[in-house]
Amino acid sequence: MEVIHAWSAPRSLSTTLMYSFAQRDDIEVLDEPLYAAFLRATGADRPYRDELLSKMESDGEKVVKDNIYGPGKKKYRFCKHISKQRLVGLPSELLSKGKHFILIRNPLNILVSLSSSLLVLCFLGDSSEAIGVILSGLRCFFSLLLFDCVFLQPSFEKIHPLSFLELGLGELVSIYSDLCQMGTPPPIIDADELQRDPEATLRGLCNDLEIPFQASMLKWEAGPIPEDGLWASWWYKTLHKSTGFASPRKYPHTFPLRHYDLLEQCLPLYNILRRHVKHKSSLLTSTLPPPSLPVPENAKLFAWVGDEIVPREMAKVSVFDSVVQGGDSVWEGLRIYKGKVFKLEEHLDRLFDSAKALAFNNVPTREEIKEAIFRTLITNGMFDNTHIRLSLTRGKKVTSGMSPAFNRYGCTLIVLAEWKPPVYDNDGGIVLVTATTRRNSPNNLDSKIHHNNLLNNILAKIESNNASVDDAIMLDKDGFVSETNATNIFMVKKGRVFTPHADYCLPGITRATVMELVVKENFILEERNISLSEFHTADEVWTTGTMGELSPVVKIDGRVIGEGKVGPVTRRLQSAYKKLTDDSGVPIPTYQEP
């Protein structure tokens, strides 16, 4: 006989699922076989405690050996477990043997379900007879109030105090972790998915458990089943009226705010488990398959958000943050070469200038930002071939709205470090197209402020994407070339180097560095208005930016630039730039060169 273990928190449709499995012709079921052992070990009070302890085995070791893994008459045995009933000291075979899966449910719904019953149960005491008397007069009313299998139970808070331990999500995560460490990560299903599409969810579960699906799992006769625990008269009344999985409510009940703190404690644990559910079909869940990452190693990284380092999937800002409310944020791009942050001080200068221009208050100090950068890099072990997106938002607001007067929490600092080689082909070259979207005029929004409101650039980037090229050139209001949607731009004509004025474009730090290198390498540099046709007929063109370094351009708007390959001036400056990045930068503390 093969044992199938179902682990869940209370009020997660676990009994309904047990009824489903009980309909199979190849399975016998056990209803919470560890319940008596749990009561004996914890001393927890239940109205039926004495009767349960007198009729059910309470020695955990015997339960595991004789009841759970004892001989049976069918091919499979299904054990419904509540996670909190897995106590310390139970035999290791409980997890190491058999097949396991986890049933989860959003604690938002669990707590609402529990609270719904409390609207009347406080009047009923522990008398099941009183329940029957009152039930006839209030059935219609309470059918609207109660969730799933909730039905006028005795006062839940009296016999099941609502607490973190009672909900058992911590133990559920522990069970998942222990099974993963054993090399047998369990499938996870969500109760909401089970209600929304029982057949698809059960078929997927059966496939994961490597057992055949049986259509009989979808329906059953109303009434109790012989395998019900003796507590069934207290908890299963609504289930006994059912003949299958009930559809979920379209709209929820109002959440009882007295359980808000408990929800905050439990919800992160539910989300940890929910990430491992294979099939999700909730209202706003994308139906797209998980995308591949440009650099797979970035699937597991740490980011600095606010005042702490968190894993990638937890790296989020508040919906009240100004960057969400209005793109109200400034940013910098940094590159790390061989244990050093290149041009760190210059980038921080610009970050603080941008924040001051936007009248940010309560800005972190330079040393605080440096420490956050270094701690993030060290935690990730990122000391080379790394790019940082450094953002400083105006911070979280006390209420939604545009006004900076609502920002009373201080700024939000974000340090997002990724393994990221230069994003352009700096050997073969890139292709550009000219966008119809014009670069913002300083009459509207000064490009000297390195802000996060990038819609102007994004519209141009959409044009380059539609043209299937690398980036888009953006013109100013007079038709002169300003920059691309993401980089500054240079051209060479007859040995002279030209670049547009920084009136409309961002005066990039890489741009300034390359301008210094141009002079150092004894080329003539001229900064002036440049028309688009001059770029079309240039001998060489390249773009500059922290993300891509020096990227040669081989074609613009269908015109081949020069000989259609990286030119000699570009090569020389690329080499000078590489030497500069190798030799300079702010060292990362603790880094030791291999």
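Lys84 places a side-chain heavy atom less than 4.5 Å from the side chain of Glu166. In this structure, Asp446 and Asn440 have side chains that are not in contact, with every pair of non-hydrogen atoms separated by 4.5 Å or more. Within the 4.5 Å cutoff, the side chain of Ser464 has heavy atoms near those of the Val469 side chain. Contact of the Val481 side chain with the Leu475 side chain is registered, since non-hydrogen atoms from C-beta on lie closer than 4.5 Å. The shortest side-chain heavy-atom distance between His347 and Arg335 does not fall under the 4.5 Å cut-off. Contact annotation: the side chain of Ile373 approaches that of Ile388 to within less than 4.5 Å [non-hydrogen atoms, C-beta and beyond]. Side chains of Glu418 and Val295 form no contact here, defined as non-hydrogen atoms less than 4.5 Å apart. Looking at heavy atoms from C-beta onward, Ser482 lies out of side-chain contact with Pro500 at the 4.5 angstrom threshold.
Arg559 contributes a side-chain N or O that, together with a main-chain N or O of Asp557, makes up a donor-acceptor pair within less than 3.5 Å. Within the 3.5 Å criterion, the main-chain N or O of Gly395 finds a donor-acceptor partner in the side chain of Ser322. In terms of modelled atom types and a separation under 3.5 Å, the side chain of Thr510 and the main chain of Thr544 share no donor-acceptor contact. Formation of a donor-acceptor pair under 3.5 Å by the Thr543 side chain with backbone atoms of Pro552 is not found in this model. With hydrogens and angles ignored, the 3.5 Å screen pairs a side-chain donor or acceptor of Thr379 with a backbone N or O of Arg375. Asn488 places a side-chain N or O within 3.5 Å of a backbone atom of Leu506 that can act as its donor or acceptor partner.
A distance of 6.0 Å separates CG of Leu111 from CG of Leu263, quoted to the nearest 0.5 Å. Between the CH2 atom of Trp304 and the CD1 atom of Ile369 there is a distance of 11.0 Å, given to the nearest 0.5 Å. In this structure, OH on Tyr591 lies 6.5 Å from CG on Asp384, to the nearest 0.5 angstrom. The line from CG of Leu169 to CD1 of Ile272 is 10.0 Å long, rounded to the nearest 0.5 Å. Separation of atoms CD1 (Ile509) and CZ (Phe342) is listed at 10.0 Å; rounding is to 0.5 Å. Interatomic distance, NZ of Lys520 versus CG of Leu573, reported as 11.5 Å (0.5 Å rounding).
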Exercise. List the steps and the verdict of salt bridge (Lys or Arg N to Asp or Glu O under 4.0 Å) for Glu527 and Arg511.
Key: CA-CA 12 Å; Glu527 188 179 8; Arg511 172 183 181 269; 2.6 Å; yes
Quiz item: Should Asp178 and Arg86 be marked as a salt bridge (Lys or Arg N to Asp or Glu O under 4.0 Å) after you check the CA-CA gap, both sets of side-chain angles, and the distance that decides it?
Solution: CA-CA 12 Å; Asp178 289 348; Arg86 189 188 74 140; 3.0 Å; yes
Quiz item: Are Thr513 and Glu346 close enough, and set up right, to give a side chain to side chain contact (heavy atoms under 4.5 Å, CB included), and what steps lead you there?
Solution: CA-CA 11 Å; Thr513 303; Glu346 289 87 341; over 6 Å; no
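Side-chain contact annotation: Glu534 with Ser531, donor-acceptor N/O pair under 3.5 Å present. Side-chain atoms of Asp321 and Tyr409 include no donor-acceptor pair closer than 3.5 Å.
Heavy-atom neighbours of Lys555 NZ from other residues, nucleotides or ligands within 6.0 Å: at or below the threshold of 12. For Met182, the CE atom is densely surrounded, since the number of other residues' heavy atoms within 6.0 Å is greater than 12. Dense packing is recorded around NZ of Lys370, with more than 12 heavy atoms of other residues, nucleotides or ligands lying under 6.0 Å away. Counting heavy atoms of neighbouring residues, nucleotides and ligands inside a 6.0 Å radius, atom NZ of Lys316 exceeds 12 of them. The environment of CD in Glu563 is sparse: at most 12 heavy-atom neighbours from other residues, nucleotides or ligands sit within 6.0 Å. By the neighbour-count criterion of 12 heavy atoms within 6.0 Å, atom NZ of Lys338 is sparsely surrounded, having that number or fewer from other residues, nucleotides or ligands.
Asn485 pairs with exactly one of Lys461, Glu463, Arg439 by the side-chain contact (heavy atoms from CB on, under 4.5 Å) rule, that one being Lys461. Remark: of the listed residues Asp470, Thr487, Asp471, Asp471 is the sole one forming a side-chain hydrogen bond (donor to acceptor under 3.5 Å, both in side chains) with Tyr424.
For Pro507 against Ser447, the heavy-atom pair with the smallest separation is CD-O, 4.2 Å. In terms of heavy-atom proximity, Gly429 sits nearest to Val554 at CA-CG1, 3.9 Å. In this structure, Phe535 and Ile561 approach most closely via the heavy-atom pair O-CD1, 3.3 Å. Here the closest heavy-atom approach between residue Pro422 and residue Gly548 is recorded as CB-O, 3.9 Å. When every heavy atom of Ala9 is checked against every heavy atom of Ile110, the shortest pair comes out as CB-CD1, 4.3 Å. Arg571 approaches Asn426 most closely through the heavy-atom pair NH1-O, 4.1 Å.
Taking the six-membered ring where the residue is Trp, Trp331 and His450 present tilted rings, their angle falling between 30° and 60°.
Separation of the Phe480 and His501 ring centroids does not fall under the 6.0 Å cut-off.
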